[in-house]
Structure formats: structure tokens, C-alpha cells
Undergrad: 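I have a structure I would like to understand better, so I am pasting it below and will then ask my questions one at a time.
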Amino acid sequence: MFTLENLTKIYQHRGEEVHALDKITMEIVQGSFVVVTGGSGSGKTTLLLTLGGIIHPTSGSLRVKGASLYDYSSNQLAAYRNRTVGFVLQTFNLVPYLTALENVMIPMLLNRDLEEEPQNRAANLLDQLGLSSRQHFLPRELSIGQQQRVAIARALANDPDVILADEPTGNLDPKLSLEILRILKDLNQKESRTIIMVTHSPAAVEFGTKTFRLDQGRLVA
Amino acid sequence: MNSKFSFTTVIWREIWQRKSRLISGLLTITLGIAVIIGIESVTSVSKEVVKKKLDLLGANILVLPQATSVDDYYSADIDAPTFPEEYVERIATSMLPGVDNLSPKLSRRIKVSGYPIVLTGIMPSNELASKPIWQASGLMAADLKLACATSSNPSDTTRLDPSLKRATIDSLAATDVWVGSMVAERLKLATGGGVTLEGKKFKVAHVLPETGTVDDNRIFAHLHSVQQLLGTGSQTSAIEIMGCCSAISDGLLGKLRNILPDTRIITINSIVNTQIETNKLMSKVSLILLVIIVVVGSIAIGNYMWANVEERRKEIGTLITIGFTRGRIYRLFLTKSLILGLVGGTLGYVLGTLAAMVLGPQLAGLTISPIPIYLLWSLIVASTIALVGSWYPVYRAARLDPALIMQET
């Protein structure tokens, strides 16, 4: 699915170079559940956003199903983010003035190839995640666990092959964390979606089929 | 509602879900535009009032025969050589912009009861307007006032000190005269009385107020009566013109000289200069106020939009992750700015106009009417300010590293 070769991302910080990613080479197989671990500043989120077509690498190559991702035009990259990958973030990042249903429908606004009626699809996704009675609630009216489930539903809106999850349980208590991890596991096992999850939680590591560890931008395990 | 979920829905939801911010943003735009419209409405009317008052100082251009010597504007027409009365029609039919209140004159010194006076034949304005040739060319009295827009309403003239105004006589019978104050005093003439001029009896229709000029020593009669009395035929010795001051500065005198090449055309420099300078000053003051308010308004609106965009940085990062291009993010934010600009512009126009209409008469004695074209200007200015004010913060936010934005809590 993803082939990374010497992927490097260098930031300039106060005149000094910071290697967020340092010659990362790895292969991520379609249908795997990859867990990326590492301490703060190790480059986990940078790697995830690079895989998501958001951060352009400084050098190296990143191929998705054989195509060089960063040779895409900006519109192609936007379409990639919209349809091939779905993001689940630590802080949920729901649009605060839209209902749960509308939050799930936002990515569908950009997808003209969607066969299913957007509102029905969004309602079905929320139903699958146990939120059928919360469709018309605003994010502030939902619990933290419910907000993260809405975020997962939004990530699934356009039926992506890959879910990119950045510390999805970082703001949740252990019980809710387990609930979210099970949902992601189900998406991987039952729907064969590739899951790439960045986490520093030891418990979360157990859900992965493959684990990578980063330290100061380098792949150490 | 959800079945029609679209980008427009997203914009409206954002606007309505944040009502307090919406009100504060709209209030900023509305008040900014209201101040601009209020001041502009008052200034616009003030400029017209000042212009009218300046025009009421009287005629400021004098057309004389070429051979006339000019020592004093007010007495230049006395005993001057003459030219054909037809020259009046030439000016009127030329339709020169800025020509107002043409007044042909024929003046001669005569003695009345042994006392020397100046007999001046004038053409009352109602006869000027009804001349067949002017009607044939589509000219009416009102057309002559287009450029200066001096009101023909007599009540307007009451604001001016009568002594400063050189009388425009609306109607005058063939046997009536208007008498200058000094003549009336010396000859003991009063309104309703009679006076004999060159052997013919006239009725004193009006005694003019003192002006401090040679006019006080004049008796005004109908031009055709004076022509007949003096045996000059259809000749005049001068044409007084009330020229619009801006038209004078735009070369009206040169255009008049082209029409009447064998005449001498002079102006009262003091009046013309005052008119031009005052109008220029009013225009400058108006422009300065407009610039200050637009700049201050832009900063206030820009500040609001900046705060709004800053507040939504995380949202921008989120939208990028779900596939929004930067162009679409611009459209999302700038459409909102445009909506706020249009609504704020309309409300500002209404509020500013109402404020000017209510406060104008109370504070400045000015009657102010709505100026519809200002609605268009309000919409343009408010939308431009809102778009410019929000463009840079949106541009900046759309180019920030999404990784940094999304990690903000």
C-alpha cells in the first residue's frame, strides 16, 4: 500500500535544521493495522501527516499503490485526502457549529462520485457507531467518547482504504480508549481497511499487526 | 434542512451558530458604513446649500460691447456702446453648461425732476423663459438652471442678506418700474406711486433695498420699454450672467467668447474666487473625512475578520485534512465576508441615512433626503472592506502548517 524510501522531512527552527523524519524506509501492506510509537517529538505525527498527503517531505520517496504521492498536483492531493485516507485526530477536530450528521457529511460535499445519498450514508455510519440518537446533536452536546466516534464516522464518510489515526485515545479514559481501539480493530478486520495509528499508549500497541518505533525522526524498530 | 446540506449551509451555520460574534461583526460594519453615509449625506447637502448661497451672491459674469471701458463692474453697462439683443438668444441656445439666469440690460443716464439717475432696461426672467425661439429649441427656464441647480424657490433667497443679492426680477409690466433706494429717497418715491421718465408715466412697482452700489441710483424698467423710450431699437448694453463657479473654472468664459467673439466678457473676481475656493474647500473636507472613516472602518472590520479567522485556525486545518483545497477554504471564508459586507452595507446605509435625516435638521438646519446611489456605494465599500480585511488572515491561515494548526488545543 505504502512504500517509503529514505523519506526525510527537515524543518527550519530558529535558523537550525530539525530532522522530523530522517531517512525513513518502510513498507506498509494493505489491510494491515500499523502502530507507530515513540516519544514526544519523535516524528510520529509528521510521518502520519506525510502519509496523509499534508506534509511534503524534503527528500526521499513515498509511493501509494505504486504512484509517487508528492508528484500529485495540489488538487489530486486534496482528492487523495478526501477519498483514499480518513483522519482521526486526538482532539477530534469536529466543526463546532455543525451537527454530528453534518460533520460526517462534510467530506461527502467534495465527492461527486458517491453512489449513496450523503445523508443516508452519514446516518448509517453514525448508526453503526451507536450514535443514531445523536445525529442532530452539536459536538458540545456530545460526550468525549461520542465525539471521537463521530470523528471516526467522518473519516469513513467516503469509504477510504486507509484510516490515519493520530493518538485517537489520547484524550480518553481507559474504558473509552478500549472502545475506540475495538472500533478501529473492527474496521481493520471486518472491512479490511488499512489502519495506521500513532500512539504512545502501550495498551494500544497490542491491537496492531505491525509496530514501528520512531526516535528523533529515525526508525529504530 | 440536512437534505440540502451544501457549502452554503456550512457558511450560514457558522454565521448563525455564533450569534454574538455575528452581531459584533455586523455592528462594526454597520456602524462604520452608517458613519460614512451619515457624514456624506450631510456633507453633500451642505455643499449644495453653500453652493446655492454663493450663487445667490448674484451674477458674476458680464458681457459687454468690445469698446466698453471697465472700471467698475457695477457701472460698466452705463452709457456703454450697445450690441444686438439677439446675443442673449445665442447664449441661451448654445446650451453651455454652467450658464444660469441671463439678464440683458440697457442703461443710460437720464434726469428725473432735475436729478441724475441711471435708467436700466431689464428683461424679467419669466419673459426670458417664454421667448419663442427658446421654446422652439426645447429650452425652458428650468433648463437654464441645470448646471448650478440654483433653486427658483423664492424662499431660498430669504436666507441671504438682501443687500448682497443683485435682484432678479421675475415679472415686470411694460409700465412698471423698480426703484433703487437712493432714487426713491431723493425723489420721494414709494411703492404704488408714479414717476415720469423721458415724458412717459410709469408706476413704481417696488422700491429695492439699499445695496451700497450704483444700483441704488437706478430705476429699472422693462427692457423693451426702455429701448422704445430711448429709441435704440433691439439693442442692449450688457448681459449679466450667473455662471456656475465650477463651470467658470472649467473654461466657461472662453466658451462664451467663442460664441460672442466681438464682445468683452468679464467676471467679478472676488465673487468667483470665493465661490471656487469655498467649493474646493468643501470637496477637500468631504474627501478627507471619507478617507479617514474608510481607513478606520477598514481597520475595525479587518480586526473582526482577523479574530474570526484566528479563532477558526483549527477548523481550517481540519478542513484541509478532509480534502479541502486552499481555494475552497478561501471561498468558504470570503463568501462569509461578502455576506457580512452586503448585509452590513445595507444596514449601514439605512442607519446612516436615518441618522442624517433626523439629526440634519436639528443640528445643522439642513433638510436631508435619502441618496439612493449611496446604497450602491455602501455595498461596494462594505464588501470591499470585509473582503480586504479578511483576505490576509485567511491567506495566512490557509498557508500555515496544518500539522501545527491541528496540534493546537
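Please read these numbers as outputs of a predicted model, since none were measured by experiment. To find a chain, count down the sequence lines: A is the first, B the second, and so on, and within it residues start at 1.
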Undergrad: Around A:E16, counting heavy atoms of other residues, nucleotides and ligands shown, do more than 12 lie under 6.0 Å from its CD?
TA: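 Open.
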Undergrad: At what distance, to the nearest 0.5 angstrom, does CZ of B:R13 lie from OG1 of A:T99?
TA: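 If we round to the nearest 0.5 Å, B:R13:CZ and A:T99:OG1 are 6.0 Å apart.
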Undergrad: Considering residues, nucleotides and ligands other than A:Q216, do more than 12 of their heavy atoms fall under 6.0 Å from its CD?
TA: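 Atom CD in A:Q216 is not crowded, with 12 or fewer foreign heavy atoms closer than 6.0 Å.
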Undergrad: Hey, could you give me the CD/CG distance between B:E315 and A:N93, rounded to the nearest 0.5 Å?
TA: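 If I round to the nearest 0.5 Å, the distance is 10.0 Å.
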Undergrad: Could you look at A:P96 and say if it's the side chain, the backbone, both or neither that has a heavy atom under 4.5 Å from chain B?
TA: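 For A:P96, side-chain heavy atoms alone lie under 4.5 Å from chain B.
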Undergrad: Please indicate whether B:L359 has more than 12 foreign heavy atoms, meaning atoms of other residues, nucleotides or ligands, lying under 6.0 Å from its CG.
TA: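 Above 12, so yes.
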Undergrad: Closest approach of B:F7 and A:L109, non-hydrogen atoms and distance?
TA: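 Minimum heavy-atom separation between B:F7 and A:L109: CZ-CB, 3.8 Å.
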Undergrad: Quick one: what part of A:R154 sits under 4.5 Å from any heavy atom of chain B, side chain, backbone, both or neither?
TA: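 A:R154 touches chain B through side-chain heavy atoms alone.
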Undergrad: Rounded to the nearest 0.5 Å, what separates atom CD1 in A:I106 from atom OG1 in B:T318?
TA: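 It is 9.0 Å, given to the nearest 0.5 Å.
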Undergrad: State, with a plain yes or no, whether a side-chain heavy atom of B:R328 is found less than 4.5 Å away from one of A:L110.
TA: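 Side chain of B:R328 against side chain of A:L110, heavy atoms only: contact under 4.5 Å found.
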Undergrad: To the nearest 0.5 Å, tell me how far A:E102 CD sits from B:F5 CZ.
TA: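 So the CD of A:E102 and the CZ of B:F5 are separated by 5.0 Å.
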Undergrad: Show, in sequence, the C-alpha distance, side-chain angles and deciding distance for A:L98 and B:E14, and conclude whether the side chain to side chain contact (heavy atoms under 4.5 Å, CB included) test is met.
TA: CA-CA 8 Å; A:L98 297 180; B:E14 197 278 330; over 6 Å; no
Undergrad: Taking atom CD of A:E5 as the centre, report whether more than 12 heavy atoms of other residues, nucleotides or ligands fall under 6.0 Å from it.
TA: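 No, not enclosed.
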Undergrad: Other residues, nucleotides and ligands only: do more than 12 of their heavy atoms fall within 6.0 Å of NE2 on A:H200?
TA: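 No.
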Undergrad: Minimum heavy-atom separation for A:Y97 to B:V10, with atom names?
TA: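 Closest approach of A:Y97 to B:V10, heavy atoms only: CE1-O, 3.5 Å.
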Undergrad: For a quick test of reading the model, state the closest non-hydrogen atom pair linking A:N82 to B:I322 and the distance between them.
TA: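 It is ND2-O, 2.9 Å.
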